[in-house]
Each structure stands twice: as C-alpha cells, then as structure tokens.
K.L.:
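Encoded as structure tokens, here's the structure I'll be asking about.
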Amino acid sequence: MFQGSQAAYYPSIATRERHLQSTNLNIGHGIGVNLVQSTGSAGLSEEEQQVRIAKRIGLIQHLPMREYDGAKKGECVICMMELLVGEEVRYLPCMHTYHAICIDDWLLRSLTCPSCMEPVDAALISSYHPTT
C-alpha cells in the first residue's frame with residue numbers, strides 16, 4: 001500500500017473553493033452570518049439578538065485581517081486546510097491565525113480562540129481602555 005511513507009490528505013481545489021464560498025450572508029470584511037443560528041440565545045427578542053450580533057460583528061471587524069503571505073507555513077485548525085498565499089486570514093490577539101471566513105463564523109458563536117481558548121473580546125476591550 002504506502003510502503004515507507006505515510007500518505008497526507010490535502011483537500012482538492014474544488015473542495016477549497018466550495019469552502020471559501022460557503023457563507024450565507026457577507027457583512028463587512030467577509031464576516032459570514034447565519035442570523036437564525038448565530039446566537040443560540042433562547043428568550044431574547046429578535047431585536048435583542050440583532051443588537052447582540054451587531055456588537056459581535058463590531059468586535060470582529062477590529063481584528064486585523066490581511067492576505068496570507070506564506071512566510072510561515074500554517075493551517076486553519078477550524079477547517080483543517082493549509083493556509084495558501086493570497087488567502088484572507090485574520091489574526092487574533094493571542095497571535096493564532098485562521099481563514100477570515102472560518103474565524104469570523106466561529107467568533108459569532110464563541111468569542112474565544114479555538115486553539116488556546118483565550119477570550120478574544122476581553123483582549124479587544126482592554127486595548128480600548130489601557131491601564132495606567
């Protein structure tokens with residue numbers, strides 16, 4: 001079968017294209033939002049849910065986003081795909097890097113880094129209110 005080496009699985013180009021085009025609604029810089037499932041907060045009115053979503057989107061848009069330059073080999077641990085030069089990536093305050101589409105969708109549901117579980121919102125809020 002695979003004598004002397006282990007096979008590595010890399011998704012096909014078609015799989016990558018479907019993944020990168022899979023958002024339901026784009027708001028701002030590539031933030032994909034599914035308004036029905038994004039908060040999961042039972043008991044809140046539709047207006048309260050939309051305000052909550054808007055606040056999260058505002059926080060997410062303050063995270064730096066750039067085209068991946070390939071200086072360091074990387075993988076998005078959310079979709080398990082290798083980061084390719086030219087793809088939009090977003091950097092979290094903990095310095096972990098993800099595809100912008102993947103992490104934006106993640107952060108709409110949970111404001112923690114999927115790798116280290118560091119709270120993203122606390123780091124963003126403290127950057128606006130520096131301690132003296």
Side-chain angles (χ1 to χ4, degrees):
M1 197 168 197
F2 299 110
Q3 296 176 348
S5 68
Q6 292 185 352
Y9 171 75
Y10 292 99
S12 69
I13 299 297
T15 301
R16 178 177 290 279
E17 290 301 316
R18 278 194 309 274
H19 165 72
L20 294 176
Q21 295 174 358
S22 66
T23 58
N24 295 330
L25 174 66
N26 286 327
I27 297 176
H29 298 291
I31 297 176
V33 180
N34 182 339
L35 294 176
V36 176
Q37 297 177 340
S38 62
T39 62
S41 301
L44 292 179
S45 72
E46 185 176 330
E47 184 177 332
E48 290 170 324
Q49 288 181 351
Q50 288 182 0
V51 167
R52 203 166 172 191
I53 292 168
K55 286 180 181 179
R56 281 195 180 207
I57 290 171
L59 283 173
I60 293 167
Q61 288 179 333
H62 281 90
L63 295 169
M65 184 169 71
R66 294 185 186 89
E67 283 190 10
Y68 184 66
D69 63 7
K72 249 174 81 174
K73 185 177 178 180
E75 177 183 69
C76 176
V77 300
I78 297 170
C79 68
M80 304 303 289
M81 292 184 171
E82 183 178 350
L83 298 174
L84 299 178
V85 174
E87 289 182 324
E88 291 280 315
V89 294
R90 194 175 295 278
Y91 300 91
L92 298 187
C94 57
M95 301 309 293
H96 288 114
T97 306
Y98 306 93
H99 288 119
I101 290 172
C102 296
I103 194 62
D104 292 348
D105 187 55
W106 175 277
L107 292 172
L108 285 170
R109 291 164 177 74
S110 171
L111 285 173
T112 59
C113 173
S115 295
C116 66
M117 303 310 287
E118 183 74 26
V120 174
D121 56 343
L124 284 171
I125 291 167
S126 68
S127 71
Y128 292 114
H129 303 289
T131 56
T132 54

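If you read the sequence from its start, that first residue is 1, and numbering goes on from there. What's counted below: heavy atoms across the whole structure, side chains too, no hydrogens, waters or symmetry copies. Quick caveat, the model's predicted, so the values are computed rather than measured.
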K.L.:
Measure the CZ-NZ distance between Arg52 and Lys55 for me, rounded to the nearest 0.5 Å.
P.N.:
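It comes to 9.5 Å.
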K.L.:
Rounded to the nearest 0.5 Å, what separation is found between the NE2 atom of His99 and the CE atom of Met65?
P.N.:
13.0 Å
K.L.:
Looking at every non-hydrogen atom in both residues, tell me the closest pair between Met117 and Pro114 and how far apart they are.
P.N.:
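The pair with the smallest heavy-atom distance is SD-O, 4.2 Å.
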K.L.:
Going by the side chain to side chain contact (heavy atoms under 4.5 Å, CB included) test, name the single residue among Ile78, Asp105, Asp104 that passes it with Tyr98.
P.N.:
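Considering Ile78, Asp105, Asp104, a side chain to side chain contact (heavy atoms under 4.5 Å, CB included) with Tyr98 is found only for Ile78.
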K.L.:
Is the backbone N or O of Thr112 less than 3.5 Å from a side-chain atom of Trp106, with the two atoms forming a donor-acceptor pair by type?
P.N.:
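At least one qualifying donor-acceptor pair exists.
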K.L.:
Quick check: do Ser110 and Val120 have side-chain heavy atoms less than 4.5 Å from each other?
P.N.:
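Of all side-chain heavy-atom pairs linking Val120 with Ser110, none is under 4.5 Å.
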K.L.:
Atom CG of Leu92 and atom CD1 of Ile60: how far apart are they, to the nearest 0.5 Å?
P.N.:
10.0 Å
K.L.:
Rounded at 0.5 Å granularity, tell me how far OG1 in Thr97 sits from CD in Glu87.
P.N.:
12.5 Å
K.L.:
Compare every heavy atom of Lys73 with every heavy atom of Glu82, then report the nearest pair and how far apart it is.
P.N.:
OE2-CE, 4.1 Å
K.L.:
Which pair of non-hydrogen atoms, one from Arg90 and one from Leu63, has the smallest distance, and what is that distance?
P.N.:
NH1-O, 2.8 Å
K.L.:
May I ask you to test the Glu88-Glu67 pair for a side-chain heavy-atom distance under 4.5 Å?
P.N.:
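Yes; the side chains approach each other to less than 4.5 Å.
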K.L.:
What are the two closest heavy atoms between Gly58 and His62, and how far apart are they?
P.N.:
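Minimum heavy-atom separation between Gly58 and His62: O-ND1, 2.7 Å.
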K.L.:
Could you grab the distance from atom OG of Ser115 to atom CD1 of Ile103, nearest 0.5 Å is fine?
P.N.:
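That separation rounds to 8.0 Å.
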